[in-house]
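Here is the structure we will look at.
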Amino acid sequence: MSAALQMMAFSLALLSALFLLLATCTDCWMVNADDSLEVSHKCRGLWKECVTNMQDGVRTCDQYDSILADHPVKIVVTRTLLITADLLAGLALVTLLLGLDCIKFLKEDPCVKLKMCYGAGVILGFGSILGLVGSVWYAVDVYVERAMLVSHNIFLGVHYDFGWSCWLGMAGSTGCLVASILLTCCLH
């Protein structure tokens, strides 16, 4: 039972960590959500902004000036939280991998292996909370920005909605949280 639970938690943590990493690296945190006839599809990410021409499929991307440049707070906070969540998820995966019963590392001391799995769950929990806060922070900021424009009757020709990278970040963080709960609460 314990080995099956460990493998299920490891598989979920690995998939969720990949989702978090993809969310951090991809460039579609905000997409244009204009209902009129569109000739282009715009995506804004944490690192660059891309435009795809809908007629011929040509995609061009503009990277932001510099990592150290003056960026909006939502980009800086989300970058920081997601990079930290990625690092913590990676550390948790390595710790969990070494603590699995099927790995021969420290095979003679099952108590230490159990503590490693528990520690990996705690680390994964911290990483998942940071990832959720970063993803939700960005989504709420996009929503508030759009609501402020609508409440002031300002229309700039295009408004943005949550992109698939934002949803991927939320899904990866939630998966890491579930894996953390499995490792910290269900292994005993």
Side-chain angles (χ1 to χ4, degrees), residues 10-93 124 126-180:
F10 178 75
S11 300
L12 181 60
L14 181 63
L15 181 65
S16 300
L18 287 174
F19 281 2
L20 265 176
L21 187 62
L22 279 173
T24 305
C25 298
T26 54
D27 57 2
C28 207
W29 280 77
M30 288 172 44
V31 295
N32 60 332
D34 193 8
D35 294 330
S36 65
L37 292 174
E38 297 178 9
V39 290
S40 64
H41 179 70
K42 298 174 187 154
C43 281
R44 286 187 183 169
L46 301 177
W47 311 102
K48 58 186 170 182
E49 184 173 342
C50 294
V51 177
T52 305
N53 189 327
M54 300 305 277
Q55 294 172 343
D56 58 9
V58 175
R59 181 179 177 172
T60 57
C61 294
D62 293 326
Q63 288 189 345
Y64 298 141
D65 293 336
S66 167
I67 293 175
L68 302 175
D70 199 20
H71 295 294
V73 173
K74 72 179 171 191
I75 289 179
V76 175
V77 169
T78 305
R79 279 181 184 174
T80 304
L81 291 172
L82 281 167
I83 289 171
T84 307
D86 291 341
L87 293 173
L88 288 174
L91 176 64
L93 281 173
L124 203 57
F126 283 130
S128 68
I129 290 170
L130 293 177
L132 273 173
V133 168
S135 299
V136 170
W137 167 286
Y138 196 94
V140 166
D141 199 59
V142 168
Y143 176 77
V144 167
E145 180 181 321
R146 186 177 66 198
M148 292 297 290
L149 292 174
V150 169
S151 70
H152 289 71
N153 291 329
I154 299 172
F155 184 69
L156 301 175
V158 65
H159 68 275
Y160 286 92
D161 215 354
F162 315 132
W164 60 271
S165 296
C166 187
W167 293 112
L168 200 60
M170 288 182 204
S173 299
T174 304
C176 284
L177 185 62
V178 170
S180 170

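Values in this document were obtained by computation on a predicted structure and should not be read as measured data. If you read the sequence from its start, that first residue is 1, and numbering goes on from there.
At least one side-chain heavy atom of Trp137 sits less than 4.5 Å from a side-chain heavy atom of Val73. Between Ile75 and Arg44 the shortest side-chain heavy-atom distance does not fall below 4.5 Å. Side-chain contact between Tyr143 and Phe162: present, with at least one pair of heavy atoms (C-beta onward) separated by less than 4.5 Å.
Of the inter-residue distances, the one linking Cys28 atom SG with Glu49 atom CD reads 10.5 Å to the nearest 0.5 angstrom. Once rounded to the nearest 0.5 Å, the distance linking NZ of Lys42 with CE of Met30 reads 11.0 Å. Trp167 contributes atom CH2, which lies 10.5 Å from atom OG1 of Thr174 (distance to the nearest 0.5 angstrom). Here CD1 of Ile83 is found 12.0 Å from CG of Leu20. Values are rounded to the nearest 0.5 Å. Once rounded to the nearest 0.5 Å, the distance linking OG of Ser16 with CG of Leu21 reads 12.5 Å. To the nearest 0.5 Å, atom CG of residue Leu18 and atom CG of residue Leu168 are 10.0 Å apart.
Of the possible donor and acceptor atoms, none in the side chain of Ser180 sits under 3.5 Å from a partner among the backbone N and O of Cys176. Proximity of a side-chain donor or acceptor of Trp29 to a complementary backbone N or O of Ala139 within less than 3.5 Å is not detected. When atom types are taken as modelled, the side chain of Trp47 and the backbone of Thr24 share a donor-acceptor pair closer than 3.5 angstrom.
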Query raised in the report: Can you list the steps and then say if Cys43 with Cys50 is a disulfide (SG to SG under 2.5 Å)?
Result: CA-CA 5 Å; Cys43 281; Cys50 294; over 6 Å; no
Query raised in the report: Thr78 and Ser135: side-chain contact (heavy atoms from CB on, under 4.5 Å), yes or no, with the steps?
Result: CA-CA 7 Å; Thr78 305; Ser135 299; 5.9 Å; no
Query raised in the report: Do Trp164 and Thr26 pass the side-chain contact (heavy atoms from CB on, under 4.5 Å) test, and can you show the C-alpha distance, the side-chain angles, and the key distance before you say yes or no?
Result: CA-CA 9 Å; Trp164 60 271; Thr26 54; 3.5 Å; yes
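Of all the heavy atoms in Gly131 and Ala85, the pair that sits closest is N-CB, 3.7 Å. Leu124 and Ala179 get closest at one heavy-atom pair: CD2-CB, 3.6 Å. Residues Tyr138 and Gly45 approach most closely at OH-O, 4.4 Å, considering heavy atoms.
In summary, of the residues considered (Leu132, Val178, Val133), a side-chain contact (heavy atoms from CB on, under 4.5 Å) with Ser173 occurs for Leu132 alone.
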